Amino acid sequence: QVQLVESGGGLVQAGGSLRLSCAASGNIFSINTMGWYRQAPGNQRELVASITSGGSTNYADSVKGRFTISRDNAKNTVYLQMNSLKPEDTAVYYCQMNLRTTVNLRFYYNYWGQGTQVTVSS
C-alpha cells in the first residue's frame, strides 16, 4: 500500500551539489522519523542523515557540514541537500520512513525507497 519514490540522483563533479527527494504515498496515517541511507560497492549500508517528526536531525560524521536533511510534512516528503560533494559520496542512496498506516494505528513500520544512484566524478 505505501510506496516511497526517490528522485534527484545523477552524475556531478566533485565540489558540486545535488538535491534528493523522496515522496511517500498510500494509506499513511502519520510519519515519525525520516532518513537517508547509502551503500557503495564493497561497503555496508550506512545511515547518512535522519530527521524526527519534531525536526531534530542527526548526521554521519562524514557528511556533517555538507549535507542537510529536511522534510515537508504536507507532501510526505524528505529531502537531502548535498553540497561540496566528494568522490567518496558515490553510492546508491535509499530513503526510509518510520510510519503508521490506517490499517493498523497501533505501531510504526519501516518503509524503503527504491534507491537512486549518486555518482561524483573527480
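Since the structure is predicted, the reported quantities are computational estimates derived from the model, not experimental observations.
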Cut-off 3.5 Å, side chains only: do Gln81 and Asn83 have a donor facing an acceptor?
yes
Test side-chain contact (heavy atoms from CB on, under 4.5 Å) applied to Val2 and Thr101, step by step:
CA-CA 8 Å; Val2 175; Thr101 71; 3.8 Å; yes
Are Tyr79 and Tyr59 linked, directly or through other ILVMFWY residues, by side chains that come within less than 4.5 angstrom of each other?
no
Asn110 and side chain to side chain donor-acceptor pair (under 3.5 Å): which single residue from Asn98, Asn32, Thr33 fits?
Asn98
N/O donor-acceptor pair under 3.5 Å between Gln39 side chain and Ala91 backbone
no
Side chains of Arg66 and Ser84: do they bring a donor and an acceptor to under 3.5 Å?
no
Over all heavy atoms of both residues, which pair between Asn76 and Met97 is shortest? Give the atoms and the distance, please.
O-CE, 3.6 Å
Has Gln117 got more than 12 heavy atoms of other residues, nucleotides or ligands less than 6.0 Å from its CD?
yes
Closest non-hydrogen atom pair, Cys95 against Val78
CB-CG1, 4.3 Å
Are Ser62 and Arg38 close enough that some pair of their side-chain heavy atoms sits under 4.5 Å apart?
yes
What I'd like to find out is whether the side chain of Lys75 reaches to under 4.5 Å of the side chain of Asn73, using heavy atoms alone.
no
Find out whether Leu20 and Thr116 are in side-chain contact, i.e. whether some heavy atom of one side chain is under 4.5 Å from a heavy atom of the other.
yes
d(Glu6 CD, Leu80 CG) to nearest 0.5 Å is 10.0 Å
Spacing of OG belonging to Ser122 relative to NZ belonging to Lys86, to within rounding of 0.5 Å:
14.0 Å
Taking the six-membered ring where the residue is Trp, are the ring centres of Tyr37 and Trp112 under 6.0 Å apart?
yes
Go through the steps for Val118 and Thr90 under the test side-chain contact (heavy atoms from CB on, under 4.5 Å), then give the verdict.
CA-CA 5 Å; Val118 171; Thr90 296; 5.9 Å; no
Would you say the ring centroid of Tyr111 lies under 6.0 angstrom from that of Tyr109?
yes
Does Ile51 belong to the same Ile/Leu/Val/Met/Phe/Trp/Tyr cluster as Trp36, with side-chain heavy atoms less than 4.5 Å apart forming each link?
yes
